[in-house]
Amino acid sequence: MIKIQAVTQRFAGSNGPVDAVRNVDLTINKGEIFGIIGRSGAGKSTLVRTLNLLNRPTSGKIIVDGKDLTALNAPELRAARREIGMIFQHFNLLSSRTVYDNIALPLELSGLSKTEISKKVTPLLELVGLTALKDRYPAHISGGQKQRVGIARALANAPKVLLSDEATSALDPETTRSILELLRKINQELGLTIVLITHQMEVIKMICDRMAVMEAGKVIESGQVIDIFRSP
Ligand code: ADP
Ligand code: ADP
């Protein structure tokens with residue numbers, strides 16, 4: 001489903017060029033929860049930004065469902081991006097919009113009518129358990145509830161892939177567990193492929209099928225989670 005082939009992402013650093021991602025090869029299967037772990041600075045965020053083509057890779061290919069994203073022009077890329085949802089560590093909600101209106105935002109941007117938007121937002125509120133809080137503003141809900149809004153918003157355009165960049169890093173252990181359970185439910189019920197970036201081993205152990213370990217821009221190990229944690 002997702003093939004990352006020989007991807008390098010080079011930046012012009014102040015002390016010369018930096019390869020934030022170096023010659024990475026990864027295949028992520030349809031319907032799996034794939035974890036990418038590594039210390040701060042390992043290149044994880046750069047790799048997800050490249051996956052979403054927020055960065056164009058310096059070299060290499062990103063193939064999603066047989067389509068090479070690196071070969072698309074700007075309008076094609078905008079359409080392809082709609083198939084990828086994203087959630088963030090700091091939620092990135094708009095404080096001036098209610099829970100409902102935050103979830104509706106991507107649908108408004110896609111040009112849907114109020115009725116069409118309501119038909120999509122109502123079941124999403126149900127799915128993430130926020131129906132009763134739909135008219136609240138982000139300042140008046142908890143961190144876990146904010147991430148539920150982030151998840152519903154990411155699902156609004158019915159993506160095939162959900163990218164999670166440290167989505168539980170700002171949450172306490174119990175809230176982390178409930179968000180991971182929600183992600184697993186979404187994975188199972190919607191068949192959504194999830195790519196989850198984290199620096200927390202427990203997060204990977206809790207929900208991932210397969211994983212990759214990144215260090216200094218490179219993938220140094222990848223495989224089944226149970227095999228990697230079993231190895232000496
Ligand atoms: P992680 O998400 O694993 O913490 P990052 O992908 O944020 O790692 O960063 C990997 C390395 O690339 C770091 O050394 C970072 O400073 C560098 N880097 C990331 N983005 C840029 C950029 N736009 N320009 C220059 N260097 C960058
Ligand atoms: P985080 O650790 O939460 O990923 P960072 O501070 O590493 O946040 O990065 C935030 C943003 O700044 C990212 O978009 C990243 O690409 C960019 N960035 C990171 N390091 C550098 C750098 N050395 N020079 C320029 N941009 C950078």
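Whatever order the structure lists ligands and atoms in, that order sets their numbers, starting from 1.
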Tell me the nearest of A12, G217, S45 to atom 2 (O) of ligand 1, using heavy-atom distances. S45
Does ligand 1 have any atom that is closer than 4.0 Å to a heavy atom of G38? no
Give me each pair satisfying salt bridge (Lys or Arg N to Asp or Glu O under 4.0 Å) with a member in residues 167-191, each pair once, sequence neighbours excluded. none
Return the CD to CZ distance between Q9 and R22, rounded to the nearest 0.5 Å. 13.5 Å
Distance-only polar pair, side chains of T193 and N29, donor-acceptor under 3.5 Å: no
Just going by heavy-atom distances, which of G41, A20, P17 is nearest to atom 1 (P) of ligand 1? G41
Any heavy atom of G13 closer to ligand 1 than 4.0 angstrom? no
Atom CG in L182, atom CG in L127: separation rounded to 0.5 Å? 6.0 Å
Below 4.0 Å from ligand 1: does a non-hydrogen atom of R39 turn up there or not? yes
Taking N or O atoms only and a 3.5 Å limit, does V18 qualify as a polar contact for ligand 1? no
For L125 and K134, the nearest pair of non-hydrogen atoms, with its separation, is CD1-CB, 3.8 Å
Taking only heavy atoms of T46, which atoms of ligand 1 are found under 4.0 Å from at least one of them? 5 (P), 6 (O), 9 (O), 19 (C)
With side chain to side chain donor-acceptor pair (under 3.5 Å) as the criterion, how do S110 and N157 come out once you've worked through the C-alpha distance, each side chain's angles and the decisive distance to 0.1 Å? CA-CA 8 Å; S110 298; N157 275 318; 3.3 Å; yes
If you measure every N/O of A42 against every N/O of ligand 1, is any gap under 3.5 Å? yes
